[in-house]
Amino acid sequence: MSARFAYYDRDADIAWLPTGDSDDVVSEEVEWGLLDHDAGSDEIVGVEVWSASKRLPAELLATLPTPASARGAAA
């Protein structure tokens, strides 16, 4: 995956934060969301936080674009 951007979906209350790049991702469900791993190296390349408004600072969430506008914002 290239050109990955962070976003916050306010309706779903999910924040997605990329930490790397991969063309082959495997997702691991954890208590608070998902960890996306590169299938070959097992490196974490993304974090999806569920109930983000309860787990992350409001100041951070306010800086993240919505999924529809995330293509124009750098992660």
Side-chain angles (χ1 to χ4, degrees):
M1 291 179 208
S2 60
R4 297 176 63 162
F5 302 102
Y7 66 80
Y8 175 49
D9 184 328
R10 286 153 183 79
D11 293 332
D13 197 18
I14 293 173
W16 188 75
L17 309 165
T19 61
D21 198 30
S22 176
D23 291 324
D24 190 8
V25 174
V26 176
S27 295
E28 170 190 3
E29 188 172 334
V30 293
E31 177 185 340
W32 46 264
L34 294 175
L35 291 174
D36 293 337
H37 298 263
D38 177 80
S41 68
D42 201 37
E43 175 185 355
I44 295 175
V45 295
V47 177
E48 182 175 299
V49 181
W50 301 338
S51 300
S53 64
K54 295 177 184 172
R55 300 177 189 279
L56 299 174
E59 296 83 5
L60 171 65
L61 296 177
T63 66
L64 297 175
T66 61
S69 63
R71 295 184 188 269

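Values reported hereafter were calculated over all heavy atoms of this structure, with side chains retained and with hydrogens, waters and symmetry mates removed.
There is no path of hydrophobic side-chain contacts, each under 4.5 Å, that joins L56 to F5.
Under the side chain to side chain donor-acceptor pair (under 3.5 Å) criterion, T19 pairs with no residue at all, not counting sequence neighbours. Evaluation of the side-chain contact (heavy atoms from CB on, under 4.5 Å) rule for V30 yields E28, W32, L35 as partners, not counting sequence neighbours. Legend: residues meeting side-chain contact (heavy atoms from CB on, under 4.5 Å) with L17, ordered by chain and number and at least two apart, are A6, L64. With sequence neighbours excluded, no residue forms a side chain to side chain donor-acceptor pair (under 3.5 Å) with D9.
The minimum heavy-atom distance linking D38 with S22 is given by the pair OD1-OG, 2.5 Å. In this structure, A39 and V26 approach most closely via the heavy-atom pair CB-CG2, 3.8 Å. Heavy atoms only, all atoms of each residue included: V45 and H37 are closest at CG2-C, 4.1 Å.
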Can you list the steps and then say if D36 with E48 is a side chain to side chain contact (heavy atoms under 4.5 Å, CB included)? CA-CA 8 Å; D36 293 337; E48 182 175 299; 5.7 Å; no
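The OG atom of S53 sits 12.0 Å away from atom CG of L60, with the distance rounded to the nearest 0.5 Å.
Screening residues 54-65 for side chain to side chain donor-acceptor pair (under 3.5 Å) gives no qualifying pairs among residues at least two apart or on separate chains.
A donor atom on one side chain and an acceptor atom on the other are not found under 3.5 Å apart for S51 and D13.
Taking a 4.5 Å side-chain heavy-atom cut-off between Ile, Leu, Val, Met, Phe, Trp and Tyr, the cluster of L34 extends to I14, W50.
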